[in-house]
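Chain letters run A, B, ... following the sequence lines, proteins first and then strands; every chain starts at 1. The shown structure was predicted, so the numbers you read here are calculated from the model rather than taken from an experiment.
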2 protein chains.
Amino acid sequence: MADSLAENKKNQAGNVPSEGIFFQGRLHGALAHRLAVDILKGNYKPGDILPHQIDSVESLNSTRTPYREAIRILAAKGLVESRPKRGTQVCERSRWNLLDPEVMGWMFETTPTDAFIKALFELRLINEPAAAELAAERRRPEQLSQMYASLMIMKEETLHTERGRIADLEFHKQLLLGTQNELLISLNSSIGSAIAWSTKFKSSDPIGSRDSWPDHLRVYEAVADRDSRAARFSMEALVRTALEDTRRSQGWKTASLSLESHT
Amino acid sequence: MADSLAENKKNQAGNVPSEGIFFQGRLHGALAHRLAVDILKGNYKPGDILPHQIDSVESLNSTRTPYREAIRILAAKGLVESRPKRGTQVCERSRWNLLDPEVMGWMFETTPTDAFIKALFELRLINEPAAAELAAERRRPEQLSQMYASLMIMKEETLHTERGRIADLEFHKQLLLGTQNELLISLNSSIGSAIAWSTKFKSSDPIGSRDSWPDHLRVYEAVADRDSRAARFSMEALVRTALEDTRRSQGWKTASLSLESHT
DNA sequence: TCTGACCCATTTATCTTACAATTAAAAGAG
DNA sequence: CTCTTTTAATTGTAAGATAAATGGGTCAGA
């Protein structure tokens with residue numbers, strides 16, 4: 001727990017140039033990551049005050065400058081708020097920037113609650129069918145061909161390989177790009193890390209999890225045909241199937257979401 | 001342009017405790033704000049390299065520590081990326097965290113493009129009716145009474161006063177809270193600052209801008225009655241009206257959005 | 001002569017260290 | 001109870017040492 005982040009960083013630097021997500025190479029990134037996970041896990045609860053800079057810094061084998069930068073990162077994402085004399089306080093959960101891609105990623109390092117997963121699928125169920133509808137009307141040839149390419153990779157790799165999952169992400173990304181709406185595109189980068197998690201989770205499940213490829217194909221065809229109604233409908237089916245699979249592999253007892261179908 | 005931020009801060013500290021949004025009291029906040037606006041305005045374009053830390057620091061009358069914290073804030077929001085030797089580079093627009101409430105706020109300090117406003121209304125049109133539907137099913141008494149209180153204030157204050165606009169924001173916030181979906185709630189804090197802008201803009205428009213109060217009342221009644229279909233329908237009407245007004249006061253020639261009604 | 005890999009210097013961000021200033025909460029005096 | 005003083009925490013300043021990555025140069029091989 002109180003081991004040296006600085007040393008860890010040094011080792012990492014000697015081995016591989018990019019460890020991936022966990023260590024972003026910089027010390028302040030590692031600090032931010034550690035603190036964020038502690039907050040999201042609930043080790044520090046909203047309203048709690050973090051130990052002062054000097055103490056924290058000593059127990060983490062760092063110095064103040066990187067620590068303060070880490071705090072700034074967390075503050076930028078609405079996780080903490082620091083004021084002189086009071087100290088650095090964890091913000092209320094409602095002020096957290098849950099849609100921030102990094103926060104979303106950190107969230108999934110801690111086995112999120114069922115409520116969170118449901119909220120996420122609700123958000124997908126609201127936005128992705130609508131996005132498919134818009135994409136059917138506005139998509140450009142580039143997006144269409146990229147979607148097709150991803151579709152082909154998905155067909156032969158399935159979701160059990162890394163390449164296959166990347167292709168899945170790429171498919172959704174290109175669909176969002178097709179909407180020509182930069183806010184929906186921005187939403188995608190948040191939801192993307194969530195999809196990555198849920199597909200990875202499903203692919204490790206031996207039993208259930210039907211093949212979602214036909215669903216993707218139908219979405220593609222609808223978008224290619226500029227059939228906005230079919231695009232919405234098939235995307236909704238896709239998300240609902242994904243929800244069902246996740247629901248089953250999580251062993252939820254509750255019924256599915258209460259959102260009506262609006263097609 | 002190259003005046004002293006440090007002095008400015010000192011003056012401000014002597015006058016009022018909180019200038020509001022522009023100066024968040026701290027120097028790194030002011031630096032981040034200035035740089036962010038420069039980026040969002042397009043003074044620095046994606047791919048551009050900001051001047052070296054040492055040069056920047058001199059021209060801004062600051063020192064390196066606060067400057068670096070400012071850079072960390074911007075990096076946390078996906079606006080820049082800094083690496084040794086290369087310097088600090090402005091990221092591609094698609095990587096910007098547009099849904100971040102602060103970024104959204106900065107966006108509206110620079111008269112955003114028509115495309116951005118349209119994207120925003122599209123997002124509202126997708127999410128808020130669905131949120132109203134969920135809120136109708138799940139809202140608790142607290143949210144209902146808060147919505148009612150806001151509604152009353154809106155009635156007597158209208159959108160021409162600050163209190164009235166705050167009540168408007170509160171109404172939407174409570175509706176989102178009623179969904180019991182923390183991701184939709186998080187979306188609200190982003191959209192909130194946007195609504196604040198558009199209502200303020202409309203209220204300064206002498207001519208058009210119908211009174212949106214009846215629309216709000218209908219939404220409230222539907223949510224109170226737990227009538228999810230009516231809630232969705234009336235909320236969609238409300239957003240479309242707001243869009244129409246904005247469209248008119250902006251003098252757009254283009255037709256309204258192409259999203260179909262799904263009620 | 002051209003191509004490629006490898007090594008090295010330079011530039012830049014990053015980290016360390018030490019100290020001064022500001023802020024706001026809390027304690028104390030009138 | 002109000003006003004002042006104290007005090008503990010973050011914030012800002014300054015400068016030097018470290019480490020990382022790009023770009024260029026060298027050298028070997030085709």
What integer distance in Å separates [X]:[atom1] from [N]:[atom2]?
X       : N      : atom1 : atom2 : result
A/Glu58 : D/dA9  : CD    : P     : 14 Å
B/Asn61 : D/dA14 : CG    : P     : 10 Å
A/Glu69 : D/dT10 : CD    : C1'   : 15 Å
B/Arg68 : C/dT16 : CZ    : C1'   : 12 Å
B/Ile71 : C/dT12 : CD1   : P     : 15 Å
A/Leu27 : D/dA17 : CG    : P     : 20 Å
A/Arg26 : C/dT12 : CZ    : C1'   : 11 Å
A/Asp55 : D/dA9  : CG    : C1'   : 11 Å

What nitrogen or oxygen pairs link the protein and nucleotides 17-19 of chain C at under 3.5 Å?
from: C/dC19; atom 1: N4; to: A/Arg64; atom 2: NH1; distance (Å): 3.2

Is any side-chain N of the basic residue among A/Glu69 and A/Arg72 closer than 4.0 Å to the acidic one's carboxylate O?
->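 No, this pair does not count.
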Under-4.0 Å salt bridge between B/Arg95 and B/Glu92 |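 Judged by the 4.0 Å cut-off on N to carboxylate O distance, B/Arg95 and B/Glu92 do not form a salt bridge.
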Under the side chain to side chain donor-acceptor pair (under 3.5 Å) test, residues paired with A/Asn188 that sit two or more places apart |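 Not a single residue meets the side chain to side chain donor-acceptor pair (under 3.5 Å) criterion with A/Asn188.
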List for me each residue that meets side chain to side chain donor-acceptor pair (under 3.5 Å) alongside A/Glu142, sequence neighbours excluded, and say none if there are none.
->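 Side chain to side chain donor-acceptor pair (under 3.5 Å) check on A/Glu142 returns nothing, list empty.
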Residues B/Arg138, A/Glu122; criterion salt bridge (charged side-chain N to carboxylate O under 4.0 Å, His left out); working and verdict | CA-CA 14 Å; B/Arg138 304 180 186 167; A/Glu122 241 166 45; 2.6 Å; yes
Report yes or no: do B/Glu102 and B/His33 form a side-chain donor-acceptor pair below 3.5 Å?
->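 No pair is found: no donor N or O on one side chain lies under 3.5 Å from an acceptor on the other.
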Quick one: which of D/dT11, D/dT13, C/dT14 gets closest to the side chain of A/Gln53?
->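 Closest nucleotide among those given: D/dT11.
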Using a cut-off of strictly less than 4.0 Å, decide whether B/His52 has a side-chain nitrogen or oxygen near OP1 or OP2 of C/dA13.
->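 Indeed not, no polar side-chain atom of B/His52 lies that close.
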For A/Phe171, enumerate each residue passing the ring-ring contact (aromatic ring centres under 6.0 Å, His included) test, keeping only those at least two apart in sequence or located in another chain.
->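 With neighbours one apart ignored, the set is A/His216.
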Does atom CD1 of B/Ile54 have more than 12 heavy-atom neighbours, drawn from other residues, nucleotides or ligands, at distances under 6.0 Å?
->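 Atom CD1 in B/Ile54 is not packed in, count stays at 12 or less.
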Among residues 75-91 of chain A, which contact DNA chain C at a heavy-atom distance under 4.0 Å?
->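 A/Arg83, A/Pro84, A/Lys85, A/Arg86, in order of number.
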Do B/Arg139 and B/Met147 come within less than 4.5 Å of each other through their side chains, counting heavy atoms only?
->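 Side chain of B/Arg139 against side chain of B/Met147, heavy atoms only: no contact under 4.5 Å found.
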Would you indicate whether the side-chain heavy atoms of B/Ser190 and B/Asp100 approach each other to under 4.5 Å?
->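 Of all side-chain heavy-atom pairs linking B/Ser190 with B/Asp100, none is under 4.5 Å.
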Check the pair A/Arg34, A/Glu109 against salt bridge (charged side-chain N to carboxylate O under 4.0 Å, His left out), reporting the backbone distance first and the verdict last.
-> CA-CA 11 Å; A/Arg34 161 172 294 212; A/Glu109 286 184 31; over 6 Å; no
Taking five pairs at each end of the helix from C/dT1-D/dA30 to C/dG30-D/dC1, what angle separates the two helix axes (nearest 10°)?
->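 Axis angle across the helix from C/dT1-D/dA30 to C/dG30-D/dC1, nearest 10°: 10°.
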